[in-house]
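Any value given below was found using the heavy atoms of this structure, including those in side chains, with hydrogens, waters and symmetry copies removed. Order of the sequence lines sets the chain letters (A, B, ...), proteins ahead of strands, with each chain counted from 1.
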Amino acid sequence: MSETLLKIENLRKSFGNLEVLKGLSTEIRKGEVVVMIGPSGGGKSTFLRCMNLLEQPTGGSIIFDGIDIVRADDSTKNRVRSEMGMVFQHFNLFPHLTILENITLAPRLVRGASAASAEKKAMELLELVGLEDKAKAYPQQLSGGQKQRVAIVRSLAMEPKVMLFDEPTSALDPEMVGEVLDVMKDLAKHGMTMVVVTHEMRFACDVATRVLFLEGGRIAAEGTPAKIFGESHDGRLGEFLSKVHVGTDFRDKVKAELFDILRDHEVSEDELARLKDLLVRGTPAK
Amino acid sequence: MWQAICDDFYLCFLKATGDGSPRAMYLLRGLGVTIEVALAAIVLGLFIGFLVAVVRSSHNKYGYFSFLNAVSKVYLTIIRGTPMVVQLLITYYIILKSVDSKVLIAILAFGINSGAYQAEILRAGIESIDPGQMEAGRALGLSYWRTMLKVILPQAVRNVLPALGNEFIVLMKDTSIVGYIALIDLAKGGDIIRSQTYSVYLPYLTVAAVYLMLVMTFTWLLGKLERHLRSTGADPVHNDS
């Protein structure tokens, strides 16, 4: 069991009279890729933003590095934020600075890195995402997908322990979504702990180690992608998933896995028909 | 006719006055005073303006600085609610009665006045910056102040440069009332020449022309600054990220 980076207990958040988070509890462990899905207003983004204290929770606790950061003082909160990276839906690059300056700003100001070492690191990271030739450009000269990849690199320059992604591809044209998801897949492969709010179900299927379904300010369902997407569900989750197209790749994977397992087992005609139905239609025959 | 103009010119500008220098020196020295007061007041106003703008916008968004915010609001109300002339007279005759230098008094009065207007302009600039910018800065671990200094303010100033430039121009021309406290600037200098020569065309029209040239030069410089900022690609107004 890998170490727990974030331990969230009974987290609550209200905006005035509106209670958006109604007592969430979970643990984020090192190396996990936790994907949060759910209907709008369900609290996903708010939950994410509470983790790095962009929103101040109104109740509950978050233990990071041994301290309850909800009740920490300002300088501790700043330090904590420097150890968590965040990627925003609208990129939020600094338009008055070059790409290189965007990336080196925080390491120089917060970590006291020298200009030379910060730039060297920035160029290495830019090369990883193939944007080293844009180092001296300004954000408005880049496409959306390029901006988001720069945003990811900007966060990585601080060497965070966990990366938070708030709908990173929701504002992108479809043809650019892939390049950003590829970078995120790469990150996951290299063991980065990630918490992602997204509507990209395929990404969740392929990369997530755990999926959280948030609805009405609570974790209404939780499990591996196979469990959440592969099984049928009642209630709100079922309703949500039925409106979302998971794609046939996952079913193919499940099919292959199942046939492997069942190869030497006796399966009745009935069971086989039901299985077939499930795999083809995604819901069991009534 | 031409002879009359030449005579007038001689009378107003070239004839020696009491201290032996030509009358045109009233205008030249006056111009020096005008520029000195205007520049120093602009700088003082910028300084005050930044402080007040940051206090006010931080309070509006995050509730910091309640006391300073209240003080700022009183300051803004009073300064923006009373005429500049009255403020100058009050400063000279009451508040800074014991100060000798009229130039210093003028700089303080105009600086404090301009500060109020610059504060509101800068505050508008700060509050117009996308909240995502502050969030991005803080998410990287930068403190509120660091983010304000390195991310928000540079963009805010670029955004309101036209409005700030406008305020500077108004200030430059407003300094023409320092004659009220018997400080000889460009406008007062022209008036003195008129009072000595009884000739009205040359003194006043020349003074107007000099002010016009001052403003036009400043406007040109401001335009150069704006163009320079835009050409570096760092133009937040036209950024659609």
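Ranked by heavy-atom pairs shorter than 4.5 Å toward chain B, the options Val110(A), Leu109(A), Leu105(A), Leu142(A) are led by Leu109(A). Ranked by heavy-atom pairs under 4.5 Å with chain B, the first of Met84(A), Glu83(A), Arg154(A), Gln89(A) is Arg154(A).
Counting only distance, with no hydrogens or angles, the side chain of Ser155(A) and the backbone of Met86(A) share a donor-acceptor pair below 3.5 Å.
The number of heavy-atom neighbours closer than 6.0 Å to NZ of Lys77(A), taken from other residues, nucleotides and ligands shown, is above 12.
Contacts of Leu54(A) with chain B are made by side-chain atoms alone, with heavy-atom separations under 4.5 Å and no backbone atom involved. Looking at Arg146(B), the atoms closer than 4.5 Å to chain A (heavy atoms on both sides) all sit in the side chain, from C-beta outward. The contact between Arg49(A) and chain B is made entirely by side chain atoms (from C-beta outward), counting heavy-atom distances below 4.5 Å. Using a 4.5 Å cut-off between heavy atoms, Met158(A) contacts chain B through its side chain alone, with no backbone atom that close. Looking at Phe88(A), only its side chain comes within 4.5 Å of chain B, counting heavy atoms on both sides.
For the residue pair Asn60(B) / Ser57(B), no side-chain donor-acceptor distance below 3.5 Å is found, with atom types taken as modelled. Checked by atom type, the side-chain pair Glu55(A)/Thr46(A) shows no donor-acceptor distance below 3.5 Å.
Each ring pair (Phe, Tyr, Trp, His ring centres under 6.0 Å) pair with one or both residues in residues 98-122 of chain B, not counting sequence neighbours, would appear here, but there are none.
Between Glu159(A) and Lys121(A) there is a salt bridge, since at least one side-chain N of the basic residue sits less than 4.0 Å from a carboxylate O of the acidic one.
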